[in-house]
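Data first, discussion second: the structure below is written as structure tokens.
Numbered from 1 within each chain, the chains take letters A, B, ... in sequence-line order.
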Amino acid sequence: MLDIKFIRENPEVVKQGILNKNEKDTVDEILALDKKRRSLLQNTEELKAQKNKVSAEVGRLKKAGESTDHIFEEMRKVADEIKEIDDELRTINEKLNSLLTWVPNLPHNSVPIGKSAEDNVQVREWLPEDFKQEDDEKKLDHIQLGKKLNILDFERGAKISGSGFPVYVGKGATLERALINFMLDYHLQNHGYTEILPPFLVNKESMTGTGQLPKMADDMYTCEKDELYPIPTAEVPITNMHRDEMLAEKDLPIKYVGYSACFRREAGSYGKESKGFLRVHQFNKVEMVKIVYPENSYDELEGLVSDAEDILKALKIPYRILMLCSGDLSFAAAKCYDIETWSPAENKWLEASSCSNFEDFQARRANIKFKPSEGGKPMFAHTLNGSGLATSRLMVSILENYQTPEGKIIVPPVLQKYTGFNLID
RNA sequence: GGAGGGGUGGCAGAGUGGUUGAAUGCGGCGGUCUUGAAAACCGUUGAGUCUUCGCGGGCUCCGGGGGUUCGAAUCCCUCCCCCUCCGCCA
């Protein structure tokens with residue numbers, strides 16, 4: 001959520017930001033409602049001041065044993081008038097708030113202006129020392145490997161749940177579990193995070209707090225009867241842990257890392273892009289969440305990306321970092337880096353992580369504040385999160401990059417103590 | 001699922017219709033004392049919003065929403081959450 005005061009004072013900046021993000025500009029409508037709201041507010045508050053004054057007077061008169069009947073008739077009228085204005089005010093507030101929840105966060109100044117993913121800017125690329133690309137065309141893709149080695153079963157997943165719900169079998173399941181444990185341990189031991197294992201179903205307030213609702217309503221699953229939503233990412237429960245809380249500056253930065261299954265409807269995506277692991281409805285992810293002092297948030301973003309990179313370096317998976325352009329930024333993000341891992345069989349880069357700074361956009365929605373140590377007014381914290389990382393796309397890269405000419409998989413050395421085996425055949 | 005109890009400021013906890021935005025304690029901040037710290041003592045300390053260049057002033061907020069009343073933390077309705085006991089159960 002943007003600060004209404006900021007919108008009021010910088011309408012052109014907000015409009016430009018919305019435009020750069022390919023979102024709908026409702027600024028003029030918002031400003032008109034805001035103006036109306038303030039005028040009604042002044043109106044009703046004046047009447048309320050009068051009411052309060054008279055009511056206090058009644059108290060005094062009663063104590064003195066004097067008659068108060070003559071006052072009541074008049075005050076009843078004032079009370080009615082207040083009610084009328086407040087009703088109108090309520091309608092306007094609801095409309096205004098609903099419009100505000102649809103206004104995206106504005107891109108940070110350092111973000112390149114662009115329309116789509118084509119305009120994203122590569123920041124750097126990392127390849128393992130012994131990385132070779134010659135034999136790529138001979139390599140099996142992850143679906144072929146999964147079938148051949150009997151470690152992934154997409155067909156049975158489709159039977160028991162539907163397409164996009166993969167089943168991990170045997171060593172495939174163990175490898176997945178090893179990967180999750182490795183990533184969690186790595187962040188805990190080397191990057192100073194605190195582990196969280198969050199609920200996988202959250203309420204509407206949480207979904208709104210991090211910005212998934214209302215815009216992404218069609219992309220999430222719902223449990224209507226209980227008004228709960230299966231989480232699309234652990235970002236939601238973890239960030240919302242501190243919803244409606246007043247933190248102390250000395251608590252910051254808060255750094256959490258947590259595993260969760262992630263559930264996404266992926267409404268409207270079909271075809272080649274969606275085969276195998278490339279697009280699934282349920283996947284596993286280790287997520288990092290930071291709640292930080294505003295001034296430090298861009299440094300913390302760089303740190304977040306580097307924390308995710310460390311995992312790929314340890315696994316020796318080729319990757320590149322992209323800075324998303326304004327048009328490709330998600331609704332709540334001010335700046336975002338995507339990390340893409342190399343898939344030799346697909347012959348392309350696959351998004352395995354997204355690291356974003358939301359500045360105070362989520363904090364304002366979720367009401368996450370802190371008291372500055374130096375005193376003064378409470379401030380909204382800045383929130384960030386990044387995948388560290390999502391296993392499905394990463395698994396594609398691991399399987400494909402670690403396959404032998406015979407179509408077996410060598411378990412990446414750092415995972416071997418977690419799997420208990422070093423070859424899948 | 002049944003019965004009962006409870007949700008008040010950063011935290012703990014008083015307060016049951018009229019200067020109560022809220023006693024008190026803790027915590028925070030400032031100070032005295034001290035070589036320094038602790039302790040002790042003194043002072044100070046809720047949030048949001050509107051208005052004003054500023055000083056200031058107004059309004060709202062005691063789980064959420066609605067109602068009664070001239071006036072509600074306090075009474076009524078409703079929803080949510082937490083705790084205790086019983087039942088059921090992975």
Side-chain angles (χ1 to χ4, degrees), chain A residues 1-9 30-101 197-209 213 223-229 237 240-252 254 261 291 293 360 363-381:
Chain A
M1 191 114 78
L2 297 185
D3 185 359
I4 180 71
K5 245 186 279 178
F6 181 83
I7 300 177
R8 202 184 291 149
E9 285 158 17
I30 286 170
L31 290 178
L33 281 171
D34 177 55
K35 198 171 172 191
K36 179 86 180 158
R37 183 185 75 95
R38 280 187 295 161
S39 129
L40 287 173
L41 250 187
Q42 284 182 48
N43 231 320
T44 183
E45 285 182 359
E46 222 166 276
L47 291 171
K48 281 176 185 169
Q50 185 192 348
K51 180 194 79 175
N52 289 342
K53 221 170 168 183
V54 173
S55 291
E57 182 63 20
V58 168
R60 274 191 290 274
L61 288 174
K62 281 220 163 165
K63 217 170 260 176
E66 293 181 36
S67 161
T68 51
D69 293 352
H70 60 287
I71 296 177
F72 293 170
E73 181 69 15
E74 192 194 334
M75 288 325 288
R76 216 167 279 141
K77 261 191 264 174
V78 173
D80 285 347
E81 209 173 328
I82 290 173
K83 202 171 166 185
E84 206 174 296
I85 298 174
D86 280 353
D87 281 346
E88 193 182 349
L89 209 45
R90 194 178 310 156
T91 312
I92 286 177
N93 271 330
E94 275 167 20
K95 195 153 182 209
L96 187 58
N97 282 332
S98 132
L99 280 175
L100 283 173
T101 60
L197 208 170
F200 292 0
L201 300 183
V202 299
N203 58 29
K204 189 176 167 187
E205 288 72 26
S206 295
M207 280 294 194
T208 308
L213 283 177
C223 306
E224 254 170 62
K225 202 164 184 180
D226 299 290
E227 282 195 87
L228 290 170
Y229 304 83
N240 274 283
M241 280 172 62
H242 294 289
R243 172 155 50 81
D244 291 322
E245 286 189 11
M246 180 75 75
L247 305 164
E249 184 179 331
K250 65 173 160 52
D251 298 333
L252 306 178
I254 292 172
I291 300 177
Y293 189 79
D360 66 3
R364 188 176 309 262
R365 285 178 165 241
N367 191 27
I368 303 171
K369 292 194 217 174
F370 71 93
K371 271 206 158 87
S373 304
E374 303 296 309
K377 289 274 166 194
M379 299 168 75
F380 288 111

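Between A:K204 and A:M207, the closest side-chain pair of non-hydrogen atoms is not below 4.5 Å.
B:rG56 sits 32 Å from B:rC41 when the P atoms are compared, rounded to a whole Å. Remark: the separation of the C1' atoms in B:rG28 and B:rG46 is 12 Å, to the nearest Å. The P atoms of B:rG9 and B:rU74 are separated by 15 Å, rounded to the nearest whole Å. Rounded to the nearest Å, the gap between the C1' atom of B:rU32 and that of B:rA37 is 15 Å. Taking the C1' atoms as reference points, B:rG17 lies 8 Å from B:rG71, given to the whole Å. Nucleotides B:rG21 and B:rG27, compared at atom P, are 28 Å apart to the nearest Å. Nucleotides B:rU8 and B:rG65 place their P atoms 16 Å apart, quoted to the nearest Å. Taking atom C1' in both B:rU60 and B:rA22, one finds a spacing of 15 Å when rounded to whole Å.
Within the 4.0 angstrom heavy-atom criterion, base atoms lie near A:V58. A:K83 comes within 4.0 angstrom of the backbone, heavy atoms only, and of no base. At the heavy-atom level, A:A49 lies under 4.0 Å from the strands shown only through sugar-phosphate atoms.
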What do the steps show when you test A:S55 against A:N52 for side-chain hydrogen bond (donor to acceptor under 3.5 Å, both in side chains), and what is the final call? CA-CA 5 Å; A:S55 291; A:N52 289 342; 5.6 Å; no

From CA spacing to verdict: ring-ring contact (aromatic ring centres under 6.0 Å, His included), A:F370, A:F380: CA-CA 6 Å; A:F370 71 93; A:F380 288 111; 9.5 Å; no

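Residue-environment remark: CD (A:E46) stays at or below the threshold of 12 foreign heavy atoms within 6.0 Å. The environment of CD in A:E9 is crowded: more than 12 heavy-atom neighbours from other residues, nucleotides or ligands sit within 6.0 Å. Annotation: A:E84, atom CD; neighbour count of heavy atoms from other residues, nucleotides and ligands within 6.0 Å does not exceed 12.
Nucleotides of RNA chain B with any atom under 4.0 Å from a heavy atom of chain A span, from 5' to 3', B:rG10 to B:rG71.
Of the possible polar contacts, none joining the A:D226 side chain to the A:L228 backbone as a donor-acceptor pair under 3.5 Å is found. Side-chain atoms of A:N240 come within 3.5 Å of backbone atoms of A:S206 as a donor-acceptor pair (strictly under, hydrogens ignored).
Along RNA chain B, the nucleotide nearest to A:R8 and the one nearest to A:Q50 differ in position, and the one closer to the 5' end is contacted by A:R8. Along RNA chain B, the nucleotide nearest A:V54 and the nucleotide nearest A:K369 are compared for position; the residue whose nucleotide lies closer to the 5' end is A:K369.
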Encoded 5' to 3' (Watson-Crick or G-U under 3.5 Å; [ ] crossing; | other strand), RNA chain B becomes ((((((((.[[[..)..(.....]]]((((((.......))))))((((((....)))))).[[[[[..)....]]]]])))))))....

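Between the side chains of A:R365 and A:T208, no donor-acceptor pair of N or O atoms lies under 3.5 Å.
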